[in-house]
Amino acid sequence: MHISPVLWQFLVKWLTASALFPREASTIAPYMDALYFFLLAMTILGLVLVGALLTFFSIRYRKERNPVATHIEGSTLLEATWTIIPLAIFLVCFVWGALLYFRIYSPPVNAMNIYVVGKQWMWKAEHPGGQHEINALHVPIGKPVQLTMISQDVFHSFSIPDFRVKREVIPGRYSTVWFEATTPGTYHIFCTQYCGTQHSGMIGEVTALTPDDYQKWTQESTSGMSLAQNGERLFASMGCNACHSGSAAARGPNLAGVYGSKLQLANGSQVLVNDAYLRDAILNPSQHVTAGFAPIMPTYQGQISEDGLIDLVEFVKNMPTNYRVQQTLVTSQSDQTAPTASGMVKP
Amino acid sequence: MSTSTTTILNLPDQATATLPKRNYLNAEHGLLSWLFTGDHKRIAMLYLFSITFFFFIGGAFAGLIRLELLTPQPDLVASDTYNKFFTMHGIIMIFLFLVPSVPATLGNFLIPIMLGAKDLAFPKINLLSWYLYMAGGTFTLAALVLGGVDTGWTFTTPLSTHYLNTHVITAATAIFIAGFSSIFTGLNFIVTIHRMRAPGMTWFRMPLFVWSNYAASILMVLGTPVLAIAIVLVALERTIGIGVFDPTKGGDPLLFQHLFWFYSHPAVYIMILPGMGVISEVISTFSRKRVFGYTAVAFSSVAIALFGFFVWAHHMFIMGVSNYSALVFSLLTMLVAVPSAIKIFNWAFTLQKGSLTFETPMLYAFGFMGLFTIGGLTGVFLGSLGMDIHLTETYFIVAHFHFVMVGGMLMAFLAGVHFWWPKMTGRMYPESLSKLAAVTTFIGFNLTFLPQFILGYLGMPRRYHSYPQEFQVLNVLSTAGATVLGVGYLLPMIYLGWSLKYGAIAGNNPWQATGLEWQIQSPPLTENFLVTPIMDHEAYDYEWLAHKTEQEVTTVG
Amino acid sequence: MSEVHDESNVTDPEHADHHIVSPLQYSYVFGTLLVFTAITVGAAYVDLKWLNPVIALGIASFKAVVVILFFMHVKYQSRLIKMTVGAGFFTFFVLIMMTMSDYISRAWGNW
Amino acid sequence: MANTIATTHDSLHPTLEHPHVHDEHVVLPQHRHHFETENQQREAGSFGMWLFLLTEIMFFGGLFFAYLLYRNWYYPAFASASNQLSVPLGAFNTVILISSGFCMALGVYYAEVRQKTMLVAMLILTTFFGVVFLGVKGVEYHEKWEKHHIPGSSFDISEFVNPPIDAKTGKATEEPLAPDMAQKTQVFFFLYFAMTGMHALHMIIGIAVLGWLTWRAHRFEFSNGYVAPIENFGLYWHFVDIVWLFLFPLLYLINRHPLK
Ligand code: HEA
Ligand code: HEA
Ligand code: CUA
Ligand SMILES: [Cu+2]
């Protein structure tokens, strides 16, 4: 008797703390839920249909009521019916699903970009402004956010159920996903791809903030250096600036404004310069030689971390002119006696 | 076991009935006579015991998984251990239980008899495949005893190749060997079905059970070797670091997934098709009618097998395959779902104008139809691209595949075991207890896995050792269900064992079914038939059965 | 044991007469294979641009077909065996084409 | 006893016109009791063998696909690395293997016509060519070992980055590869070893079986018209040949003239 109120309280607390349906906290979520309810309706329809047939026939034709079976061979009409109707319903599922997929995996052009690096077993988010977060992500509401993600080791998968988005984080390749949060609050981040021992510990929280709060948060948590500034340092310290100096006689192509352009490669193909291209070109330069240049760039495979690569990408991305490059060059040349000897890293 | 009108059971007079003096069980004696047997029926029994053994090991792991998930905190075992639990659970259940379940036991036992043959085409290879199975099982147990594996049953690279130092190679060897066991079973079935049919047994007189096993065998023969090579490459990558799956060396980790799923998607149809065959037999027998649309059901098996090869990348929708090929694979996934729908409706309409009775196999078959419908239709959720983004790698998938594999195939397996138990052992199982077990599994099953759909939509990821607080209620339900389910599976173990000694004598044809296997004595003779039967009627011809004279009973031992 | 053998089976497409290929015919096949080996090696030393791989693989396929048809007697086998061989290569083809389609279309970008 | 293969070619239905059809069933030692007729047994055997070969196609298929993929990705590396292989040795081996296949085919023939001595001779020749093939392969592997072209920690890419200079022309014998691309030659060599190694493994198994068959043939086991084991082994052996017929152009030939 004494226990029951306690037990009751416990039960109530337990049940109220539990959830049966995820929150809809992004612009995608209602679309996802609509498809979900359609599919659910299909399932219920199918189940009711099959269940009704089974129940009805079981009652109507059970042995007591129908001692002798009547033979029926089949019916082409019926076969056609239950081939075509499910097929039609399934095709609707396909088209609807494809449209949604298209929506989720095609970021709008004006999306703000945040980098995410996954590794065993943590998420590292890097904002262009230089804010770094571990197992957390702050985003503004009402603004499309694109995540450019990469893994440093194995497959991970970045999932925010309340936003209904998820994308595999792949070793050696950028993948992207986007969302637009609608309601301020905190939401789970899960790593959903099995990635080893602490897979279930690779979780975090997204905090969706109002634009004002977000502004405040960015200012409070900046480390002082933006990603591009970090990239600029790397660009100089790895010696990239020696060749990609932007001058006419440089051994490497001019990188200012190259992001987003179409590039003619030495092997004849044309490529769009995006994050993935830049990253690949740093790691596997010989496959990405710009037309008119010699394949002399060494590979940086194994020399730069994924974070470093992100800095470099971000630097090149935001490089309207070569002014800063030349600045770094001047400072580095000034303390070297023979300017021509600088730069080239031995293969 | 009453003889009221509610049953078709037709047992001989128990006071005088005896088991046939000569039958395959007592043809020879001693352990060696079993270990060196070439008789497909004995090999089937060997398989039955071995897969049951592995089922309970796999089930024990399921129990441990559910126990750990009772509370959100990672409190029962360490993360590594939990990861080993679900890996061993998956590997054992898939490769050592479900893939060989119906084909290697019921198929092995019945296909030659259903075709009117004395044995499978290659009895020695049949025995070899059991030994390979046991070797695979031994390696799995070795991996288990040495400390387990924690790759997940999917062996995702580069995790399995570079980041784990558990017994991956031992487990890989196990799967490689078990794979060859499955190849040889499939090969044997195909040859037998093509070459060993009795006179008059044309393709369209074959029982649908044979058709569906034929379709599954094609998948085994053509799909499994690709798994084998994928596994070999994983082992090489692990041992000498070859780099084909290693992104830092220029390899593509997704290549592994392509090869793996090229097998493993068809494998899910290897797992379901033979079960579908069982359902055809059971439904027909207990409604005393030919299966509605025999040809449609037969061809839909083949269609599933054929289309099954074109959809594998639906397991990789968000893993980095190109968006274009995701579209194509999603479309094809929708197509492959249709033949299953055809089957379900044909079975439902088989009941129409039948004379239905509800013995245990029929109850399991009803369970199959309901649960497979749910499982299959939730597969369509996953095949629908946009939906898959949210649902993939969550408990929704776990629920989906347990619905098709446990609710579908395992129910079908149990239906089949009960249905043919009198044929295999000569004795009946206890009817009311088995009905209780069927109902228990049905209830337990739904309690276990329905909450997981909700969990999945909430976003609870699979392979999670601990989870946020708010998921607990549903997880508790699921664990509770698993307990009920476990009881539901233990019951048959007990009463089937009991019936071996105390069950009622079944006689040749307790169900008054039409299949050739029911026209011979139970348990059958070593070579099944004294005289090669001549098939002069269609499958499921109850007219023929009614008018069959005693002489037409081809063998009485 | 009975000797009943299904007559319909004997005439059905799954069966074929047993045919013995003569040594002379084997020699022709052998000769053909040698000649084509010579051709393919020779062709490899001539720069034919993109035709090189096409020719090499074409010849290899031709040789394989010859071996299958004659050395492996498929020419004289039942339709069943022919279809079996076909099914094997077909499935291989599915593996290659469907997987390759993913790799090729990845280069097309997002949409 | 239903299996009397006529020694003359003009017998159309050797299996059907049998004098003992209505007699008591006479069981030959090779006849398995569960088959109705020996013809059925024989057809089952060869069909089974073919199904097994299907699995082999798919098994090698995975490797062939990997080759195709990486050749497309790392074309220059594959071209250079492939030029390290010796075409003469490869061509020689192709001829050897075709000859071995030819002998095997003749072996089947002599089994059919029940000429035991010739059968044994042909089996021995087949084995001989198989062993020669493996020997040559061994030589090639050894060369790779010496040149540090075995994938792994001792793998050496310097030859691809700085190709040796041809003494006569004074030019590099190969297009030099950038270091990152040169690394990818490892992928080629890995696939080379995996594919030819898997092929060689099949040959080794084949040679072992050949030895056993030769012994049985020597004991007159295949001298009474019972040819199924020889015939089915022949299928296996020819299949292994076919794999090589593709490996040779893919690995040795098609990259001789890289597209620029
Ligand atoms: C027996 C095993 C089995 C079977 C039969 C199926 C059947 C199907 N499966 Fe399932 N599946 C698995 C076992 C199985 N699956 C497993 C083990 C996994 C996870 C692997 C892992 O990652 O560990 C998986 C995962 C899986 C995925 C990948 C999810 C992901 O990783 O993101 C997908 C995606 O498309 C999918 C789809 C389907 C479809 C469309 C079918 C179809 O064949 C279903 C067809 C059936 C029906 C459609 C029901 C009958 C229809 C009717 C009664 C008609 C209803 C009426 C109306 C429409 C009105 N499955
Ligand atoms: C044939 C296939 C099959 C079968 C029959 C089952 C049966 C069951 N499975 Fe299984 N399951 C898989 C195939 C199967 N599973 C696969 C492939 C995976 C994915 C693995 C991976 O992610 O890699 C999986 C994963 C999986 C998970 C997800 C784990 C995770 O992602 O973290 C869960 C969780 O609930 C689960 C539960 C169950 C339960 C409760 C049963 C029940 O039906 C089992 C009921 C049976 C019993 C309970 C046995 C009864 C025996 C006893 C009671 C004896 C007990 C003895 C001792 C305890 C000593 N399974
Ligand atoms: Cu990272 Cu799971
Ligand atoms: Cu699938």
Side-chain angles (χ1 to χ4, degrees), chain B residues 38-40 112 117-125 179-180 183-184 186-192 194-196 198-199 217-218 220-233 236-237 240-246 248-252 255-256 258-260 262-263 526-528 532, chain D residues 25 32-37 39-70 72-74 77-78 150-155 180-195 197-198 201 232:
Chain B
D39 183 1
H40 64 104
K118 296 196 186 100
D119 205 322
L120 285 174
F122 310 115
K124 283 187 187 154
I125 289 182
F180 273 92
I183 289 178
F184 285 135
L187 187 152
N188 225 334
F189 283 1
I190 297 183
V191 176
T192 308
H194 273 282
R195 287 282 179 248
M196 311 281 286
S217 304
I218 294 177
M220 292 183 193
V221 167
L222 288 171
T224 320
V226 181
L227 174 74
I229 190 70
I231 292 273
V232 168
L233 289 175
L236 288 176
E237 181 91 61
I240 52 179
I242 56 180
V244 276
F245 300 143
D246 181 1
T248 59
K249 286 193 182 153
D252 181 21
L255 177 61
F256 171 76
H258 273 299
L259 296 179
F260 181 84
F262 183 86
Y263 163 75
T526 297
E527 298 225 309
N528 305 338
T532 304
Chain D
H25 194 76
R32 305 256 177 264
H33 57 274
H34 62 285
F35 289 105
E36 292 294 338
T37 63
N39 194 38
Q40 187 188 26
Q41 173 175 352
R42 180 173 177 156
E43 292 200 331
S46 81
F47 184 38
M49 194 64 210
W50 271 108
L51 285 173
F52 180 70
L53 294 185
L54 286 201
T55 71
E56 294 278 14
I57 294 179
M58 296 312 292
F59 188 78
F60 278 100
L63 282 174
F64 275 104
F65 180 75
Y67 173 84
L68 190 69
L69 176 67
Y70 292 121
N72 275 335
W73 277 12
Y74 306 124
F78 271 54
I150 311 256
S153 49
S154 64
F155 190 80
D180 59 321
M181 187 51 87
Q183 272 304 333
K184 305 299 188 303
T185 53
Q186 264 205 74
V187 177
F188 175 88
F189 279 110
F190 165 67
L191 285 170
Y192 166 80
F193 279 108
M195 294 165 99
M198 205 61 85
L201 183 68
N232 290 338

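These numbers come from the heavy atoms of this one structure, side chains and all, not from hydrogens, waters or symmetry mates. Chain A is the first sequence line, chain B the second, and so forth, proteins listed ahead of strands; every chain is numbered from 1.
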Exercise. Stepwise, does the side-chain contact (heavy atoms from CB on, under 4.5 Å) test hold for D:F190 with B:L233?
Worked result: CA-CA 11 Å; D:F190 165 67; B:L233 289 175; 4.0 Å; yes

Exercise. Say you draw a straight line from CG of B:L259 to CZ of D:F65; how long is it, rounded to the nearest 0.5 Å?
Worked result: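 So the CG of B:L259 and the CZ of D:F65 are separated by 7.5 Å.
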
Exercise. Atom CZ of D:F47 and atom NE2 of B:H194: how far apart are they, to the nearest 0.5 Å?
Worked result: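 Spacing of CZ (D:F47) from NE2 (B:H194) equals 4.0 Å.
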
For [X], is it the side chain, the backbone, both, or neither that has a heavy atom closer than 4.5 Å to a heavy atom of chain D?
X: B:L255; value: side chain
X: B:A228; value: both
X: B:N188; value: neither
X: B:I183; value: side chain
X: B:L236; value: side chain

Under 3.5 Å, which donor-acceptor pairs do the side chains of residues 48-62 of chain D form with other protein atoms, sequence neighbours left out?
from: D:T55; atom 1: OG1; to: D:F52; atom 2: O; distance (Å): 2.5
from: D:E56; atom 1: OE1; to: D:H202; atom 2: NE2; distance (Å): 2.8
from: D:E56; atom 1: OE2; to: D:H202; atom 2: NE2; distance (Å): 3.0

For this session: Tell me, for D:Y70 versus chain B, whether the close heavy atoms (under 4.5 Å) come from the side chain, the backbone, both or neither.
Result: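 Contact with chain B is through the side chain of D:Y70 alone.
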
Exercise. Is it the backbone or the side chain of D:F189 that comes under 4.5 Å from a heavy atom of chain B, or both, or neither?
Worked result: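 Interface part for D:F189: neither.
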
Problem set entry | Shortest non-hydrogen contact between B:K249 and D:K184, atoms and distance |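 Scanning both residues completely, I find the closest heavy atoms to be O-CD, 3.9 Å.
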
For this session: Between chain D and each of B:T192, B:V191, B:V226, count heavy-atom pairs under 4.5 Å; write down the option with the most.
Result: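 Answer, by heavy-atom pair count under 4.5 Å with chain D: B:V191.
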
